[in-house]
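Notes for the one structure printed next.
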Protein chains: 2
Amino acid sequence: MVTQSKAPAKRADAQRSIAAILDAATESLSRNPDASVSEIAKAAGVGRVTLYGHFPSRADLVDAAFAHAIEDGHDALEAVDLSGDPRLALARLVESSWQLVDRFRSLLLAAQSVLPPGRIRSLHEEPMQRVQHLIERGQAEGVFRSDLPTSWLVGTMHSVMHNAADEINAGRLATDQAADCITATVLAAFTPPGHRIPALSDL
Amino acid sequence: MVTQSKAPAKRADAQRSIAAILDAATESLSRNPDASVSEIAKAAGVGRVTLYGHFPSRADLVDAAFAHAIEDGHDALEAVDLSGDPRLALARLVESSWQLVDRFRSLLLAAQSVLPPGRIRSLHEEPMQRVQHLIERGQAEGVFRSDLPTSWLVGTMHSVMHNAADEINAGRLATDQAADCITATVLAAFTPPGHRIPALSDL
DNA sequence: ACTAACTCGAACACTTATGTTCAACTTAAT
DNA sequence: ATTAAGTTGAACATAAGTGTTCGAGTTAGT
């Protein structure tokens, strides 16, 4: 997938431009989902026309930036070891996922308002399935609650991380405390009724 | 606060218009945070010029609609009995809050992108404090966890409700199941480490 | 050194929104 | 019945964004 089969191979400066644009788009859209094409071009140190030369429309650009971010995230998440106690695996996964969610949450907003509905979900699907599998394993082993839908638990993990981003943004939470808060909350939320809440320490 | 001291008292038809505009704005913005003034005016069965006659700018209109919604919500929330077991009180509060969050979540988005930063928080402060007081009482009585900041727990309750809205929107959750999922999740998230997760039934 | 690919700014056409003005019409209040 | 308040659509001015075209300059590849 590294080299497309058709296209006559871009020139070196074009590749540099594209990379710069993609980076700038990711950065700009992460700060402001409504960032204009002009802003992004300027941030990339590139002319607006050049940008349109590589990305036919703003939507194409957002799509590319979002896909690029997902790919980055995918690599990071794949490195996480999901074996062993599902609760410990979850803690590890949260730790890694959190940084990604925090970085790209605003980019997601941009994507949501521009990309066709199915597109985002299909890009998310692969990493999401790893989460879902882990949760299902935990449910099967009886350490995660089964009285709520798996999809609900997936969403809960997601939204708790988003909450952390909001709290940090509002100055009510320190960045280095976020991971602990998230882990503690998600672990508690996943614990079956009647069971004891595990402390982070005794796992 | 019902009648402003100065203003020469609006005429009956003007009051009707304002009410219709406010309702239409709430409804339109709840469906689409970017709804245009024209859309809202049309939905209110009123001329665009008339609308501008009452609300100098789009921002003023959004502000008014949002404040109106908060006031509605405030009344509903104030009717909730917060005495007795904090966990039961929380369940009652969640039940009532959930409907409001569901109704107005998109309106909040509109407000966030238009209103000055402090404005939203100041409008939210009063109802939020009731939640915070309840949580603090639960923490003091030892039935809610104290190892996480109170503000974090408040935010968690909020974000879990938002998650429910998303899940419904995505078709992964039925509307009538939402309240139970939220209650179960929030109750679990608030339970202190080492304690057992309470089932909804045995409270 | 030659050429095709690439870059750039300026200018243009197009769209969509906000907010204002005007002049005629309708309605509520006393 | 009079009058002031309210309503209305059409037209206008502004502003900001998107996408395209053009012509001239630069740069990478062979």
Side-chain angles (χ1 to χ4, degrees), chain A residues 3-4 6-25 28-29 31-66 106-107 109-116, chain B residues 3-4 6-25 28-29 31-66 106-107 109-116:
Chain A
T3 48
Q4 302 308 68
K6 213 45 180 273
K10 303 267 178 186
R11 232 173 58 181
D13 52 353
Q15 288 179 23
R16 245 181 296 136
S17 288
I18 291 177
I21 291 170
L22 233 38
D23 283 354
S28 296
L29 292 171
R31 270 183 304 131
N32 171 22
D34 295 324
S36 71
V37 173
S38 307
E39 270 177 67
I40 297 172
K42 191 175 296 181
V46 120
R48 201 167 64 96
V49 185
T50 301
L51 194 158
Y52 274 109
H54 294 299
F55 302 93
S57 78
R58 191 181 183 281
D60 288 283
L61 175 57
V62 173
D63 186 295
F66 188 70
S106 182
L107 179 57
L109 265 190
Q112 278 171 338
S113 66
V114 168
L115 268 43
Chain B
T3 48
Q4 301 310 66
K6 213 46 181 274
K10 303 265 176 187
R11 236 173 56 180
D13 51 355
Q15 289 178 23
R16 244 181 295 135
S17 288
I18 292 177
I21 291 170
L22 233 38
D23 284 352
S28 297
L29 291 171
R31 269 183 304 129
N32 170 22
D34 295 325
S36 72
V37 174
S38 307
E39 269 178 67
I40 297 172
K42 191 175 295 181
V46 120
R48 200 167 63 97
V49 185
T50 302
L51 194 158
Y52 274 109
H54 294 300
F55 302 93
S57 78
R58 189 180 184 280
D60 288 282
L61 175 58
V62 173
D63 186 295
F66 188 69
S106 182
L107 179 58
L109 264 191
Q112 278 172 338
S113 67
V114 168
L115 268 43

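Order of the sequence lines sets the chain letters (A, B, ...), proteins ahead of strands, with each chain counted from 1. FYI, side chains are in, hydrogens and waters are out, and symmetry mates aren't considered; it's all heavy atoms of this structure.
- The CZ atom of B:Arg58 sits 10 Å away from the P atom of C:dA17 (whole-angstrom rounding).
- Pairs passing the side chain to side chain donor-acceptor pair (under 3.5 Å) check and including a residue from residues 52-66 of chain A, sequence neighbours excluded, read A:Ser57-A:Asp60, A:Asp63-A:Arg119.
- Between A:Asp60 atom CG and D:dT18 atom P there is a gap of 13 Å when expressed in whole angstrom units.
- Annotation: of the two residues near DNA chain C, B:Ala12 and B:Ser38, the 5′-most nearest-nucleotide partner is B:Ser38.
- Legend: residues meeting side chain to side chain contact (heavy atoms under 4.5 Å, CB included) with A:Asp13, ordered by chain and number and at least two apart, are A:Arg11, A:Arg16.
- At whole-Å resolution of the value, CG in B:Asp34 and P in C:dT16 are 15 Å apart.
- Regarding A:Phe55, its CZ atom lies at a distance of 13 Å from the P atom of D:dG19, rounded to whole Å.
- Rounded to whole Å, atom C1' of D:dT18 lies 16 Å from atom NZ of A:Lys42.
- Side chain of A:Ser113 to backbone of A:Ala110: a donor-acceptor contact under 3.5 angstrom is found.
- Side-chain contact between A:Ile18 and A:Phe55 is present, with heavy atoms from C-beta onward closer than 4.5 Å.
- The base of C:dG9 has none of its N or O atoms less than 3.5 Å from a complementary donor or acceptor on the side chain of A:Arg48.
- Closest to the side chain of A:Val49, out of D:dT21, D:dT18, D:dA11, is D:dT21.
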Distances under 3.5 Å only, N/O to N/O: pair up the protein atoms with those of nucleotides 5-7 of chain C.
| residue | atom | partner | partner atom | Å |
| --- | --- | --- | --- | --- |
| C:dA5 | N3 | A:Arg11 | NH1 | 2.5 |
| C:dA5 | N3 | A:Arg11 | NH2 | 3.3 |
| C:dC6 | OP1 | A:Arg11 | N | 3.2 |
| C:dT7 | OP1 | A:Asp13 | O | 3.3 |
| C:dT7 | OP1 | A:Ser17 | OG | 2.3 |
| C:dT7 | OP2 | A:His54 | NE2 | 2.8 |

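- Rounded to whole Å, the distance from CG on B:Leu61 to C1' on C:dG19 is 13 Å.
- Remark: C1' of C:dC8 and CD1 of A:Ile21 are 13 Å apart, rounded to the nearest angstrom.
- Of the candidates D:dT18, C:dT18, C:dA10, the closest approach to any side-chain atom of A:Tyr52 belongs to D:dT18.
- Counting heavy atoms from C-beta outward, B:Leu61 and B:Leu29 have side chains that stay 4.5 Å or more apart.
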